[in-house]
There are 2 protein chains.
Amino acid sequence: MQKETSTYLNEVFIQHCRERGLKVTPQRITIYKALAGSTDHPTADFVYRNIHKEHPNISFETVNRTLLKFAETGILDVIESFSGARRFDPNLDSHHHIHCVQCGMIVDFKDEQFNNIQIPKQFKREYKVVSKRVVINVICELCQSK
Amino acid sequence: MQKETSTYLNEVFIQHCRERGLKVTPQRITIYKALAGSTDHPTADFVYRNIHKEHPNISFETVNRTLLKFAETGILDVIESFSGARRFDPNLDSHHHIHCVQCGMIVDFKDEQFNNIQIPKQFKREYKVVSKRVVINVICELCQSK
DNA sequence: TATTATATGAGAATTATTCTCATTTGTCAA
DNA sequence: TTGACAAATGAGAATAATTCTCATATAATA
Ligand SMILES: [Mn+2]
Ligand SMILES: [Mn+2]
Ligand SMILES: [Zn+2]
Ligand SMILES: [Zn+2]
């Protein structure tokens, strides 16, 4: 079962790469698996440290470049951050974010109504919309209790 | 008229500082004036370079610290960015952003309907809302033409 | 299996941000 | 007005985040 899931992920990923002209390297497979299905919003450093235990030979440089390459080819998104490190988002479904302004935690939420948000008419011609999202800045429970 | 506007701005700013326990320094006045009424979304470096021509004695460190202090005390906002440098927003009115994913340009837009966006019920108790905004990621006209 | 374009890893370079500390200055009370 | 003093400033160093360079390795293909 574990094995089958893994095999399935591999196949999905290989397909992704083929379609985008990316070589299927062990490093990329590792990084992809670390992110697939996650609703985290990690930094490159976070991904690196996460996989480092199991794969100590993958360099930070490769992790970072791979994440950027994945973003470039639509395998994941670069999302808004409030300075500090760049944040990646492996969840490509249309969704919105709750963002704690103190600790930087980002939580997904779904909302059909918000998905239908349209760019104002006056900007429609000028700008080609890539994506859109509601971002709610909050102080999370943990940060409130400090 | 120019003079009166300037005097008025000074008074508003002095009031701001008094209410927040900030000392009114020439550096802070300069930085405040450079931002007041602007709908830009500058980085600290941009603000620094802007005022440097006229005020070559103000250090980058002071500009940066002042912007952070202003953000801390509600004189301006730190807004979402997509990596690179932190972006500030002197426009405190409730508004939304169109953000070019190529050049980083950010344009304000107003929308009554979007202002009424509520945090989903299930999160209301857990998170204290600080602000909320629609962010529309686009490719701007200029970037499209490249 | 040989070719080749692409990817990787190490280290250096660059950019952005924060820290430290000696000095200066705004504020306030006398 | 004039100190006293807490806060602010500026210079430089330190740290964090990102990108670049280039020699080597490797996936894809024919
Ligand atoms: Mn997300
Ligand atoms: Mn704005
Ligand atoms: Zn938090
Ligand atoms: Zn643009």
Side-chain angles (χ1 to χ4, degrees), chain A residues 10-11 13-32 34 41-52 55-73 75 78-88 101-104, chain B residues 10-11 13-32 34 41-52 55-73 75 78-88 101-104:
Chain A
N10 270 346
E11 278 163 14
F13 178 64
I14 288 167
Q15 189 59 20
H16 275 228
C17 287
R18 291 264 153 78
E19 286 166 2
R20 293 158 172 95
L22 299 180
K23 285 189 182 175
V24 180
T25 67
Q27 291 91 336
R28 285 178 173 165
I29 292 173
T30 299
I31 295 164
Y32 180 81
H41 304 89
T43 63
D45 185 63
F46 184 91
V47 176
Y48 172 70
R49 285 209 305 268
N50 235 8
I51 65 179
H52 186 74
H55 303 271
N57 302 322
I58 302 182
S59 71
F60 172 79
E61 180 54 25
T62 294
V63 172
N64 189 237
R65 266 193 304 220
T66 298
L67 292 170
L68 289 173
K69 179 63 82 176
F70 283 0
E72 212 181 292
T73 48
I75 292 177
V78 172
I79 59 161
E80 76 286 347
S81 73
F82 290 73
S83 185
R86 182 187 284 121
R87 307 281 292 255
F88 295 91
V101 295
Q102 306 235 325
C103 67
Chain B
N10 270 345
E11 279 162 14
F13 179 63
I14 289 168
Q15 189 59 20
H16 274 227
C17 287
R18 292 265 152 78
E19 286 166 1
R20 294 159 172 95
L22 300 181
K23 286 188 181 175
V24 180
T25 66
Q27 291 90 337
R28 285 177 174 167
I29 292 173
T30 299
I31 295 164
Y32 180 80
H41 305 89
T43 62
D45 186 63
F46 184 90
V47 175
Y48 172 70
R49 285 211 304 269
N50 235 9
I51 66 179
H52 186 72
H55 303 271
N57 302 322
I58 302 182
S59 70
F60 172 79
E61 180 54 24
T62 293
V63 172
N64 190 238
R65 265 192 305 216
T66 298
L67 292 169
L68 288 173
K69 180 64 82 174
F70 283 1
E72 211 182 293
T73 50
I75 293 177
V78 173
I79 59 162
E80 76 286 348
S81 72
F82 290 72
S83 183
R86 183 187 282 122
R87 307 282 291 255
F88 295 92
V101 296
Q102 306 236 325
C103 66

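In what follows, every heavy atom counts, from backbone to side chain, and hydrogens, waters and symmetry copies are set aside. The chains referred to below are lettered A, B, ... by the order of the sequence lines, with proteins before strands, and numbering in each begins at 1.
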Under 4.0 Å between a side-chain N/O of [X] and OP1 or OP2 of [N], yes or no?
{"X": "T62(B)", "N": "dG10(D)", "answer": "yes"}
{"X": "S59(B)", "N": "dA11(D)", "answer": "no"}
{"X": "T25(A)", "N": "dT6(C)", "answer": "no"}
{"X": "R28(A)", "N": "dA7(C)", "answer": "yes"}

Whether the side chain of R28(A) engages the backbone of K23(A) through a donor-acceptor N/O pair (distance < 3.5 Å, no angle test) should be reported.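 Side chain of R28(A) to backbone of K23(A): a pair is present.
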
For a quick test of reading the model, state the closest non-hydrogen atom pair linking H41(B) to I79(B) and the distance between them.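 Reported closest heavy-atom pair: CD2-CD1, 3.6 Å.
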
Shortest non-hydrogen contact between R20(A) and I75(A), atoms and distance: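 Closest approach of R20(A) to I75(A): NE-CG1, 3.9 Å.
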
Return the value, rounded to whole Å, for the distance between atom [atom1] of [X] and atom [atom2] of [N].
{"X": "N64(B)", "N": "dT15(C)", "atom1": "CG", "atom2": "P", "value": "17 Å"}
{"X": "I29(B)", "N": "dA8(D)", "atom1": "CD1", "atom2": "C1'", "value": "13 Å"}
{"X": "N57(A)", "N": "dA7(C)", "atom1": "CG", "atom2": "C1'", "value": "16 Å"}
{"X": "I58(A)", "N": "dA7(C)", "atom1": "CD1", "atom2": "P", "value": "15 Å"}
{"X": "Q27(B)", "N": "dA7(D)", "atom1": "CD", "atom2": "C1'", "value": "12 Å"}
{"X": "R20(B)", "N": "dT27(C)", "atom1": "CZ", "atom2": "P", "value": "15 Å"}
{"X": "L67(B)", "N": "dT17(C)", "atom1": "CG", "atom2": "C1'", "value": "13 Å"}
{"X": "E61(B)", "N": "dT15(C)", "atom1": "CD", "atom2": "C1'", "value": "15 Å"}

Nearest-nucleotide wise, let me know which of V63(A) and D45(B) is further upstream toward the 5' end of DNA chain C.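 Looking at the nearest nucleotide for each, V63(A) comes out on the 5' side.
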
Looking only at side-chain N and O atoms, does Q15(A) offer a donor or acceptor that is under 3.5 Å from a partner on E11(A)?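 Short answer, no.
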
Which comes earlier along DNA chain D counting from the 5' end, the contact point of R65(A) or that of A44(A), where each point is its nearest nucleotide?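 Result: A44(A).
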
Using a cut-off of 4.0 Å on non-hydrogen atoms, how would the nucleic acid contact of L68(A) be classed: base, sugar-phosphate, or nothing?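 Here L68(A) touches the backbone only, sparing every base.
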
Hey, does the side-chain of K23(B) have a donor or acceptor N/O within less than 3.5 Å of a partner on the base of dA6(D)?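 Result: at least one qualifying N/O pair found.
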
Are F13(B) and F70(B) close enough that their ring centres sit under 6.0 Å apart?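 Under 6.0 Å, so yes.
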
Side chain of A85(B): nearest nucleotide among dT27(C), dA8(D), dA16(C)?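 My answer, after comparing the listed nucleotides, is dA16(C).
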
